[in-house]
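So you know, we letter chains A, B, ... as the sequences are listed, proteins then strands, and number each from 1.
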Amino acid sequence: MGSGEDSDLSFFYIENKSILLYNSIMKEEADILYDLFKIAAENSTQIADRFNEIKNKSNTEEKTILENFADFVKENWGLSINLKKSELISVLVSETYKNMYRVIEDDANELKQKLGITISIEETAKKSMGTFYEPRKIFEDSFVGGNHFLYSALNIGGMGLKKHGRSFSIIIHQSNVSEFPNCAFLKDESIRYIENGKPNIGRLSNDTSDRQTIHLMTAIKNKKSLLETKKENWPGMVCSEENYIEAITPGEIPIKCINTVRIAKQDDDWYYDMLFNARTISNRVDESDLRHLNEYGNLLKLLKKNGIDKEIIYETGN
Amino acid sequence: MKQEIKIIALDARDGLAFIEDSKQLFFLRPPYDVAGKTPCHADDIEEAVIKYGFRRADYSFNHYSELIRFIKNEYNQAAADDGVKVPTTEELTALLDSASENVIIRFLQRIDDELIPGGNIDAAESLTRDLMKLEKLRENKVLLDRSLDILFKCMDYRKKKNAWEKKFRVLDFRKKYIYVGKKYPIDRVIEKTRIIQQRGILFPILSH
């Protein structure tokens with residue numbers, strides 16, 4: 001097959017009982033760097049077609065729910081990044097949300113300047129990421145600008161992925177995401193597309209979307225649970241620890257792009273209850289409570305200074 | 001009863017830990033109460049260590065309170081190393097500026113429900129006055145009226161307290177209750193007696 005023909009080639013094929021789309025940019029030669037954002041953009045037509053196909057196969061009630069959901073996502077989508085308190089303060093102080101390599105690079109420079117110690121960025125990344133390092137590295141090495149990728153989650157409301165004490169959720173509204181040079185969404189976590197030591201570009205190409213069709217891809221992904229989920233639970237359905245859509249953007253996120261920081265009501269209440277006790281019944285608070293309180297106060301000051309809103313989220317459970 | 005509780009992974013900087021308690025795994029976070037202790041799986045710990053900055057640990061304790069004290073000390077140390085100080089009274093007062101209307105309502109409610117019935121009048125008055133400096137409160141007539149009501153209650157409390165003190169002094173408390181008068185400061189006895197009389201029961205009923 002000549003290269004001219006190859007560049008125009010696209011067809012559907014079956015793999016693991018899934019119908020997948022092949023096109024010329026999926027050539028799996030080892031030396032090829034794929035363009036994730038281009039793949040995402042080129043998948044728009046396929047996503048729109050699949051959404052229409054699902055809609056056409058649905059009854060009137062299902063069709064209405066599907067359309068209402070897609071409209072809701074289109075209206076409300078944004079990106080969320082969940083952080084621990086100390087991490088959020090670092091982001092606010094440095095005025096940038098950086099990817100892991102940049103954070104290690106900055107730490108390495110500081111160590112070199114202050115103590116004259118040189119550390120290997122790759123070795124440090126490997127050490128801090130453990131078994132997670134290898135698939136992430138393979139994923140990033142497969143794409144143009146991969147080591148500048150920054151990961152977040154699609155969010156249509158709620159606290160996002162707050163497991164392991166990451167109880168502060170940075171929210172970037174879609175109006176600010178549209179300012180980013182690019183943004184690609186993946187139905188699943190990026191490292192899950194690594195199979196046998198390389199990315200499954202066929203599956204990934206089928207599962208990716210850009211900003212234009214993200215509402216349709218979200219509807220396609222959640223079509224089954226959507227019919228059993230009340231509207232108020234849509235945010236939790238779209239973004240939970242077990243099920244979320246990963247967003248990938250190139251480069252760093254300056255804090256001027258952050259619109260809101262969300263905190264659960266029970267956490268905000270804990271800080272203010274400590275403040276009440278510290279001001280009135282001082283024997284109910286200890287040194288660690290007071291330091292937590294001081295940090296929260298600093299965090300709120302930094303949010304105010306940077307024009308970032310604090311939003312309280314009412315939720316049940318922990 | 002003695003039991004062995006273990007910390008198996010720790011993030012000292014944010015006071016977070018994974019623990020093993022009665023052969024079950026839990027994630028623990030401030031305020032380390034029921035809501036701050038959630039069951040978890042071994043995979044969660046692995047993920048937290050790999051992706052979220054926790055370090056593996058192996059510390060054993062006989063009591064839950066010892067374990068909490070340890071986590072708090074670790075946090076204090078790590079936070080202090082990062083320049084986080086214990087706030088001064090002025091810094092705590094400045095934090096009130098960030099209070100939302102809902103927080104102000106909760107504070108006024110707690111002053112009314114806890115501080116005034118408990119005879120903690122100086123704290124009640126001081127906090128109410130600081131809250132009244134907030135624009136959010138001054139611009140809200142309902143909250144302003146409630147704050148003034150609290151200040152009147154504090155004044156009323158003091159008046160009644162003074163009347164009680166006079167009455168008890170007339171009774172010559174020390175002569176009537178010789179043993180009590182010798183053992184405890186007279187002002188404390190008068191204050192406690194007045195509180196018990198006011199609430200009509202010996203021990204307070206705590207509200208949550």
> Do NZ/NE/NH1/NH2 and the carboxylate oxygens of A/R279 and B/E91 come within less than 4.0 Å?
Replying inline: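 No, no charged N to carboxylate O under 4.0 Å.
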> When the ring centroid of B/F54 is compared with that of B/F18, is the distance short of 6.0 Å?
Replying inline: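 Yes, the ring centres sit under 6.0 Å apart.
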> What about the rings of A/F143 and A/F139, do their centers lie closer together than 6.0 Å?
Replying inline: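 They qualify: ring centres under 6.0 Å apart.
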> Which pair of non-hydrogen atoms, one from A/S167 and one from A/D267, has the smallest distance, and what is that distance?
Replying inline: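 Closest heavy-atom pair between A/S167 and A/D267: CB-OD2, 3.5 Å.
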Would you mind telling me which of [options] has the largest number of heavy-atom pairs within less than 4.5 Å of chain B?
options	result
A/D289, A/N277, A/N298	A/N277
A/G297, A/G165, A/S86	A/S86
A/I281, A/T131, A/L293, A/D269	A/D269
A/K85, A/K84, A/K127, A/K310	A/K84
A/I312, A/L300, A/D273	A/D273
A/H292, A/E295, A/E241, A/E287	A/H292

>> Main chain of A/Y244, side chain of A/K221: is a donor-acceptor contact present, judged purely on distance under 3.5 Å?
In response: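 It does hold such a pair.
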>> Determine whether a donor-acceptor pair (N or O, by modelled atom type, separation under 3.5 Å) exists between the side chain of A/N155 and the backbone of A/G78.
In response: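 Side chain of A/N155 to backbone of A/G78, a donor-acceptor pair under 3.5 Å: no, none is there.
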>> Can you classify the ring geometry of A/H164 versus B/F27 as parallel (below 30°), tilted (30 to 60°) or perpendicular (above 60°)?
In response: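 Rings of A/H164 and B/F27: perpendicular, as their planes differ by over 60°.
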> Given a strict heavy-atom distance threshold of 4.5 Å, which part of B/L16 is in contact with chain A: side chain, backbone, both, or neither?
Replying inline: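 For B/L16, side-chain heavy atoms alone lie under 4.5 Å from chain A.
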>> Can you tell me which portion of B/I111 sits under 4.5 Å from chain A's heavy atoms? Options are side chain, backbone, both or neither.
In response: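 When you check distances to chain A, atoms from both the backbone and side chain of B/I111 fall under 4.5 Å.
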> In terms of heavy-atom proximity below 4.5 Å to chain B, should A/K304 be classed as side chain, backbone, both, or neither?
Replying inline: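 Contact with chain B is absent: no heavy atom of A/K304 under 4.5 Å.
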>> Under a 4.5 Å cutoff for heavy-atom pairs, which residue among B/L96, B/D82, B/V49 has the most contacts with chain A?
In response: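 Highest number of heavy-atom pairs under 4.5 Å: B/L96.
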